[in-house]
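One structure is given below, encoded as structure tokens.
When a residue number appears, it is its place in the shown sequence, counting from 1.
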Amino acid sequence: MKVSILKKVVELRQNGEKLKALEIIKTYIKENPKDPIANYQCAWCYDTLEQEQEAIPYYLKAIENGLSSENLEGAYLGLGSTYRCIGEYKKSEEIFKRAMNEFPDNKDFQVFYSMTLYNLGDHKNSMDILLKIISETSNDTKIKSYKDAILFYSDKLDKIF
């Protein structure tokens, strides 16, 4: 994808000119339908316009056509989150599991995955994931002081001692 077009699309989207960004990227995709970055940017444009259904095929094409790691992480997050937002919880779960497998150090996936688990009714695992992430990543001094307790209780929320 031409860097100037990509730069323009991102700039327009960031400046709130979402429809114009979408028009430009869709025009580019007509000539370059397999460009993974263009498809990812198009999906992102649709997402910012709250048109999740329209974003899905572009996320899928972007992933299928070989995005680089950084963009692939964003596409997985966008697609998994989009599926969750439209109530496709099982698809969301599949995407986040795949993403966590490919990028095990990415905490973003775990947080969004926990939301999907919540929607699937798996509140226990959802809370377990969130509590572990909070205890491991928080810079809050009080949370840090209770890290061991938070980690201990994270998977024992239903247990009465």
Side-chain angles (χ1 to χ4, degrees), residues 1 6 9-10 13-16 18 21-22 25 34-161:
M1 178 173 186
L6 173 61
V9 168
V10 171
R13 193 176 60 237
Q14 289 174 342
N15 291 332
K18 300 169 187 176
L22 179 61
I25 200 67
K34 291 189 176 192
D35 185 318
I37 296 173
N39 280 285
Y40 172 47
Q41 289 298 322
C42 189
W44 197 341
C45 287
Y46 275 120
D47 259 353
T48 63
L49 291 166
E50 298 178 16
Q51 297 179 17
E52 286 82 6
Q53 292 284 357
E54 290 82 356
I56 292 170
Y58 292 98
Y59 279 128
L60 292 170
K61 285 179 196 173
I63 292 167
E64 290 166 8
N65 290 318
L67 278 176
S68 65
S69 291
E70 184 179 319
N71 288 321
L72 182 58
E73 287 180 83
Y76 278 146
L77 189 67
L79 181 59
S81 181
T82 295
Y83 278 140
R84 191 191 73 76
C85 287
I86 64 168
E88 293 282 350
Y89 305 129
K90 283 296 189 184
K91 288 181 181 180
S92 176
E93 180 182 34
E94 290 170 19
I95 292 297
F96 285 127
K97 282 182 175 180
R98 181 173 162 188
M100 290 184 299
N101 186 52
E102 287 186 46
F103 302 98
D105 296 330
N106 186 320
K107 301 283 187 217
D108 297 346
F109 294 138
Q110 294 173 37
V111 171
F112 280 84
Y113 176 62
S114 74
M115 288 188 257
T116 297
L117 290 177
Y118 174 87
N119 292 122
L120 287 167
D122 191 353
H123 304 129
K124 183 176 179 170
N125 283 326
S126 176
M127 283 296 295
D128 181 32
I129 291 167
L130 286 178
L131 289 171
K132 285 178 180 172
I133 289 173
I134 288 169
S135 67
E136 293 169 357
T137 63
S138 178
N139 290 324
D140 183 278
T141 55
K142 290 190 179 199
I143 289 176
K144 282 181 172 180
S145 71
Y146 290 106
K147 177 182 178 178
D148 291 341
I150 294 168
L151 286 172
F152 176 78
Y153 291 117
S154 67
D155 62 351
K156 298 170 188 67
L157 294 174
D158 294 324
K159 186 172 182 177
I160 297 173
F161 291 89

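To the nearest 0.5 Å, atom CG of residue Leu77 and atom CG of residue Asn106 are 7.5 Å apart. If you take CD1 on Ile95 and CE on Met100, they are separated by 11.5 Å, rounding to the nearest 0.5 Å. Atom CD in Glu52 sits 10.5 Å away from atom CZ in Arg84 (nearest 0.5 Å). A distance of 8.0 Å separates CG of Asn119 from OG of Ser92, quoted to the nearest 0.5 Å. Remark: Ile133 CD1 to Gln110 CD distance equals 4.0 Å, nearest 0.5 Å. Within the model, atoms CD1 of Ile63 and CG of Asn39 stand 10.5 Å from one another, a figure rounded to the nearest 0.5 Å.
The stretch residues 86-118 participates, sequence neighbours left out, in these ring pair (Phe, Tyr, Trp, His ring centres under 6.0 Å) pairs: Tyr118-His123. Applying the salt bridge (Lys or Arg N to Asp or Glu O under 4.0 Å) test to pairs two or more places apart or on separate chains, those with a residue in residues 101-130 are Arg98-Glu102, Lys107-Glu136, Asp128-Lys132.
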Show the numbers, then the answer: is there a side chain to side chain contact (heavy atoms under 4.5 Å, CB included) between Ser126 and Met115?
CA-CA 7 Å; Ser126 176; Met115 288 188 257; over 6 Å; no
With side chain to side chain contact (heavy atoms under 4.5 Å, CB included) as the test, would you mind laying out the steps for Asp35 and Asn65 before giving the verdict?
CA-CA 7 Å; Asp35 185 318; Asn65 290 318; over 6 Å; no
For Leu6 and Ile37, what are the C-alpha separation, side-chain angles and deciding distance, and is it a side chain to side chain contact (heavy atoms under 4.5 Å, CB included)?
CA-CA 8 Å; Leu6 173 61; Ile37 296 173; 4.0 Å; yes
Ignoring hydrogens and angles, write down the donor-acceptor pairs under 3.5 Å from the side chains of residues 53-61, residues two or more places apart or on other chains.
unit_1 : atom_1 : unit_2 : atom_2 : d
Tyr59  : OH     : Asp47  : OD2    : 2.5

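Under a cut-off of 6.0 angstrom, the local environment of NZ in Lys34 is sparse, with at most 12 non-hydrogen atoms contributed by other residues, nucleotides or ligands.
Counting heavy atoms from C-beta outward, Tyr83 and Lys90 have side chains that stay 4.5 Å or more apart. Within the 4.5 Å cutoff, no side-chain heavy atoms of Asn71 are placed close to those of Pro36. With contacts defined as side-chain heavy-atom distances shorter than 4.5 Å, the pair Cys45/Arg13 qualifies.
Between Phe161 and Tyr153, the two ring planes are perpendicular [angle over 60°; tilted spans 30° to 60°].
The nearest pair of heavy atoms linking Ser114 to Val111 is OG-O, 2.6 Å. In terms of heavy atoms, Ala21 sits closest to Val9 at CB-O, 3.5 Å.
Between the side chain of Ser81 and the main chain of Gly78, no donor-acceptor pair closer than 3.5 Å is present. Not one N or O on the side chain of Lys147 forms a donor-acceptor pair closer than 3.5 Å with the backbone of Ile143.
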